[in-house]
Amino acid sequence: MRIATWNINSLRLRIDTLRRVVETIRPDVVCLQETKVRDEEFPLMDVRALGFNHVLYHGMPNYNGVAILSKAPLKQLVTVDWCERDDCRYLSARLPGGAVLHNFYVPAGGDVPDPEQNDMFAHKLRFLDEMIHWFDGQKPGRAILVGDLNIAPLETDVWSHKQLLKVVSHTPVEVERLGRVMAAHRWVDAVRHIVPPSQQLYSWWSYRNRTWPGDDRGRRLDHVWVTPALAGRVKDAAVLREARGWDRPSDHAPVWADIDLM
DNA sequence: ATGGTTGCATGGCAA
């Protein structure tokens with residue numbers, strides 16, 4: 001099964017780009033973040049026309065919003081409100097074969113990496129703490145976690161480790177928290193299982209760097225993880241980097257992995 | 001050090 005994750009930055013604006021992503025990657029399941037559409041206005045017919053007849057979505061006006069698009073039937077699982085607010089950052093489903101799929105949109109955290117000064121950064125850390133406790137209380141089993149985690153954990157996940165140590169997304173406090181989320185459920189980084197950690201790999205490039213891909217100042221914020229039971233079943237994975245160079249792109253590129261779930 | 005761009009929705013906020 002090929003599973004893709006993409007922060008689309010407005011589903012309605014980029015439905016044609018989604019079609020191009022689907023034609024290029026040919027995924028069985030697509031997990032979206034930042035759909036930016038309330039449920040009443042979700043473009044269900046357009047999504048079905050792309051071949052996804054089984055669709056879960058959870059959206060709100062203006063911000064956030066997640067969706068899971070699938071060719072095969074899904075079973076929707078209980079939803080969770082993170083940090084006591086329903087701000088549409090999470091959906092989960094059971095896939096054919098029984099594996100659980102989690103789709104996350106972790107808060108970006110604002111600009112100042114200090115929870116005392118910046119409520120958005122405090123929210124990000126609290127969200128990660130809740131993920132730690134949530135996964136700590138569950139048996140790993142067969143599960144897949146994807147999404148925009150808004151953290152680039154490895155030195156090779158950013159264009160300059162040294163220059164980003166104090167930049168939100170790559171600060172030691174966030175990387176340490178994300179490491180504890182991984183440890184809580186013994187998550188394995190499926191993409192780094194395929195692309196060696198020695199190799200630079202990014203999935204996001206700021207809109208503010210107008211020269212893409214010239215200086216290639218990217219970060220790997222989007223992830224696919226699997227539990228140990230599935231680690232040996234990850235057959236391939238990549239970032240669709242070229243999508244960042246398409247007309248009117250999202251600032252994130254899609255990330256996908258092939259996982260043998262049978 | 002600062003400002004740079006985008007989307008949603010029409011002012012300013014979050015990314």
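Lettering follows sequence order; numbering is per chain, from 1. These numbers were taken from a predicted model, which means no experiment stands behind them.
- Straight-line distance between the P atoms of dA1(B) and dG7(B): roughly 31 Å, to the nearest whole Å.
- Comparing dA9(B) with dG4(B), their C1' atoms are spaced 22 Å from each other, to the whole Å.
- For W205(A), the ring pair (Phe, Tyr, Trp, His ring centres under 6.0 Å) test picks out W212(A), with sequence neighbours left out.
- For W134(A), the ring pair (Phe, Tyr, Trp, His ring centres under 6.0 Å) partners are W82(A), not counting sequence neighbours.
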*Tell me, for nucleotides 5-15 of chain B in 5' to 3' order, what letter each nucleotide earns: B for a base near a protein heavy atom under 4.0 Å, S for only sugar-phosphate near one, - for neither?*
BSSSS---BSB
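- Legend: side-chain hydrogen bond (donor to acceptor under 3.5 Å, both in side chains) pairs involving residues 176-203 of chain A, not counting sequence neighbours, sorted by first then second residue: D129(A)-R177(A), T156(A)-R192(A), D157(A)-R192(A), E176(A)-R180(A), D189(A)-R220(A), Q200(A)-Y202(A), S203(A)-D222(A).
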Atom pairs and distances, donor-acceptor, side-chain atoms in residues 52-69 of chain A, under 3.5 Å, two or more places apart:
unit_1	atom_1	unit_2	atom_2	d
H58(A)	NE2	D86(A)	OD1	2.9
N64(A)	ND2	D87(A)	O	3.0

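- Remark: D260(A) engages R233(A) in a salt bridge (charged side-chain N to carboxylate O under 4.0 Å, His left out) (not counting sequence neighbours).
- Across dT6(B) and dT2(B), the matching P atoms stand 23 Å from one another, rounded to whole Å.
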